[in-house]
Amino acid sequence: MLQEEDNLIQNYSFTKSERLCSRKSIESLLREQNSHYHHPIKCYYLWEQKQKSSDQNQIAIAVPKKNFKKAVIRNRIKRRIREAYRLNKRQFLLDNLSKSDKKVNLLFYYTSKKEHDFALIEEALIAVLKDLTATQ
RNA sequence: AACGACGGUCGUUCUGUCGCUGCCCGAAUGGGGAGAGGAAAGUCCGGACAAUAUAGAGCACCAUACUUCUUAACAGGAAGGGACUAUUUUUAGUCACAGCCAGUGCCGCAGAAAAUAACCGCUCCAUGUAUGGAGUAAGGGUGAAAAUGUGAGGUAAGAGCUCACAACGUAAGUAGUGAUACUAUACGUGGGUAAACCUUAUGGAUUGAAAGACCAAAUAUACCGGGGUUUGAGGGCUGCUCGUCCAACCCGGAGGGUAGGUCGAUAGAGCUUUAGGGUGACUUAAAGCCUAGAUAAAUGACAGAAGAUUACAGAAUCCGGCUUAUAGAUCGUCGUUUUUU
RNA sequence: GGCUCUGUAGUUCAAUGGAUAGAACAAAAGUUUCCUAAACUUUAGAUUCGGGUUCGAUUCCCGGCGGAGCUA
């Protein structure tokens, strides 16, 4: 029981190791051009073999400066996407991957030119994650 | 009282669940505490800091331009002087506010003429009686600007030609730290334009934290310059030896590769309060406080409460200013409308 | 983050501080044609915005807004 609760708490967290920071891996991710799209989020993905048992899925978020000139709005959208991923990753992603030895790198790209609510973003992100697990 | 304009100040708060970035405590699960702004923005000025360069002087280039003060410094700020505008007799606002009495350039159209002025006119003289010569700048539909204005004397006609008053400039004297002001002083007066070139005075080396320093990992010493011990494998000059050149080795330059970490980097020209100095900007002393520090980059999501879908807007080396944006609340000034006295 | 340049008709470019900002293509209308194209005739169109200097700004100066480039 205790172990299960610990896992539950951990799965709602979002630490530094879950961020995709390396420039090289982002470039390789974009070079592959695998993507799912559900308005307003486009998701690039790349499957990799786990090299250590502690390797985790890593994500990056991009909101283009071309569509949103003001830094406040860009930050707000990035925070909403990250929050939506944090709340839903366990339910839609981790449960399906828990026994496989693969991990996935993701890049969420916000394509709309308008600022949307959290509810709409969350809905789109869930749809994208469902597509992802279905193809795997 | 309501509405509008302008200016100053503040710039949502609290609770719960999940979560993010540093710090402290702990062996650990964990616990404690901190976490965007008045403009963080624009990158417009001025510095700190770092690297590189630098005998000294001049020219060129760029910036600034009333005075005194303030400051680490400034094109900022304070106080004062001057000009202009509005209102009015005292206030408010604005001002790139040195110099066309150094030189050069420019001033379309109109107008006789736009800068050593002369078309008409006025006056005198001559004769061929409607022309020529001389003088003159009072008057003339222009224009943004027409040779400083008015009056008197003077003259053939006129004219700063002379005089009086006024306007402007330079010098001198007096007052003031100074800009400047005043003067029964002296001399002078041929437009405007320096946000035209320019002159004068003062200041300025260049590049910006993706600067720069260190560590780890990784690859190949390709190429250039200098030096040369042992060994002498090999190659060129030769049939051979000697000699010499290349090469192996070392040093410097340059290139390739890797793209990760630490420092820089957050205690500072710091903030608050009190007292003193100063008209003020500001400054001095004492006491107290520690107040983001990330590196693809941290403040969010949901629910509830306080009238309530909430402005402009997100730190990226750090400070001092300036400029621009701003819902709502509140304070002050002005204007309009309504009500009461 | 830092530095530099730039803004003119729908588009591409002109214009020394001086009539009403010019040219080409495009657009619209007309002529011609059985219809279209070509040709010809005409029309409407712009100085990024706000201040300042000047008698007068597209031009000179200041500030805002937008666009582009360089720098790893």
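All of these numbers come straight from a predicted model, not from anything done at the bench. Proteins get letters first, then strands, A, B, ... in listed order; numbering begins at 1 in each. Computed from heavy atoms alone, side chains included, the values below leave out hydrogens, waters and symmetry copies.
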Are any of the side-chain heavy atoms of L87(A) and F118(A) separated by less than 4.5 Å?
yes
For C240(B) and U258(B), measure between their P atoms and round to the nearest Å.
49 Å
Using the rule that Ile, Leu, Val, Met, Phe, Trp and Tyr join whenever any side-chain heavy atoms are under 4.5 Å apart, tell me whether Y110(A) and I126(A) fall into a single cluster.
yes
Could you identify the nucleotide paired to U200(B), looking across every strand shown and requiring Watson-Crick or G-U wobble geometry with both distances under 3.5 Å?
A65(B)
Go ahead and name the base partner of U206(B); Watson-Crick or wobble counts if both distances stay under 3.5 Å, otherwise write none.
A51(B)
Listed pairs, N/O of protein and of nucleotides 299-302 of chain B, under 3.5 Å:
from    : atom 1 : to     : atom 2 : distance (Å)
U299(B) : OP1    : R82(A) : NH2    : 2.6
U299(B) : OP2    : R79(A) : NE     : 2.9
U299(B) : OP2    : R79(A) : NH2    : 3.0
G300(B) : N2     : E83(A) : OE2    : 2.7
G300(B) : N2     : R86(A) : NH2    : 3.2

With syn defined as a glycosidic torsion within 90 degrees of 0 and anti otherwise, which applies to G35(B)?
anti
A9(C) and A21(C), which share atom name C1', separated by this distance in whole Å
11 Å
Which base sits across from C65(C) as a Watson-Crick or G-U pair, both distances under 3.5 Å?
G7(C)
Relative to its sugar, using the 90° cut-off around 0, the base of A144(B) is anti
Anti versus syn assignment for U33(C), with syn defined as within 90° of 0
anti
Side chain to side chain contact (heavy atoms under 4.5 Å, CB included) evaluation trace for L106(A) with V128(A):
CA-CA 11 Å; L106(A) 299 171; V128(A) 163; over 6 Å; no
Does any nucleotide pair with A102(B) by Watson-Crick or G-U wobble geometry, both distances under 3.5 Å, and what is it?
none
Within this structure, what is the CD-CZ distance for the pair E83(A) and R86(A), rounded to the nearest 0.5 Å?
4.0 Å
Would you say OH of Y109(A) has more than 12 non-hydrogen atoms from neighbouring residues, nucleotides or ligands within 6.0 angstrom?
no
Base paired to C214(B) (Watson-Crick or G-U; both N/O distances under 3.5 angstrom)
G261(B)
With a 3.5 Å limit on both atom pairs, tell me what C334(B) is paired to, counting Watson-Crick and G-U wobble, or say none.
G4(B)
May I ask whether F108(A) and Y37(A) are part of the same hydrophobic cluster, defined by side-chain heavy atoms of I, L, V, M, F, W, Y residues being less than 4.5 angstrom apart, directly or through others?
no
Find the partner of A38(C): check Watson-Crick (N1-N3 plus N6-O4 or O6-N4) and G-U wobble (N1-O2, O6-N3) distances, both under 3.5 Å, and reply none if neither fits.
none
Could you tell me how far U129(B) sits from A152(B) if I compare only their C1' atoms? Round to whole Å.
41 Å
Rounded to the Å, how far apart are F108(A) CZ and A296(B) P?
19 Å
Pairwise C1' distance for U16(C) and C3(C), with rounding to whole Å
32 Å
N-glycosidic conformation, A184(B) - syn within 90 degrees of 0, else anti
anti
P spacing across the pair G280(B) / A275(B), given as an integer number of angstrom
16 Å
Gap between atom CD1 of I41(A) and atom OH of Y85(A) - 0.5 Å precision
13.0 Å
Rounding to the closest angstrom, what is the interatomic distance between C124(B) and A156(B) at atom C1'?
6 Å
Just how far, in rounded Å, is C1' of A297(B) from CD1 of I61(A)?
12 Å
5'-most contact on RNA chain B (nearest-nucleotide basis), N75(A) vs K78(A), goes to K78(A)
Which nucleotide, if any, forms a Watson-Crick or G-U wobble pair with G304(B), using both distances under 3.5 Å?
C14(B)
Between G38(B) and A306(B), how many Å separate the two P atoms, rounded to a whole number?
31 Å
How close do R80(A) and D117(A) get, heavy atom to heavy atom, and via which atoms?
NH1-CA, 4.4 Å
Work out how far the P atom of C290(B) is from that of G31(B), and round it to whole angstrom.
25 Å
If the glycosidic angle sits within 90 degrees of zero it is syn, else anti. Tell me which applies to G50(C).
anti
Does E123(A) have more than 12 heavy atoms from other residues, nucleotides or ligands lying within 6.0 Å of its CD?
no
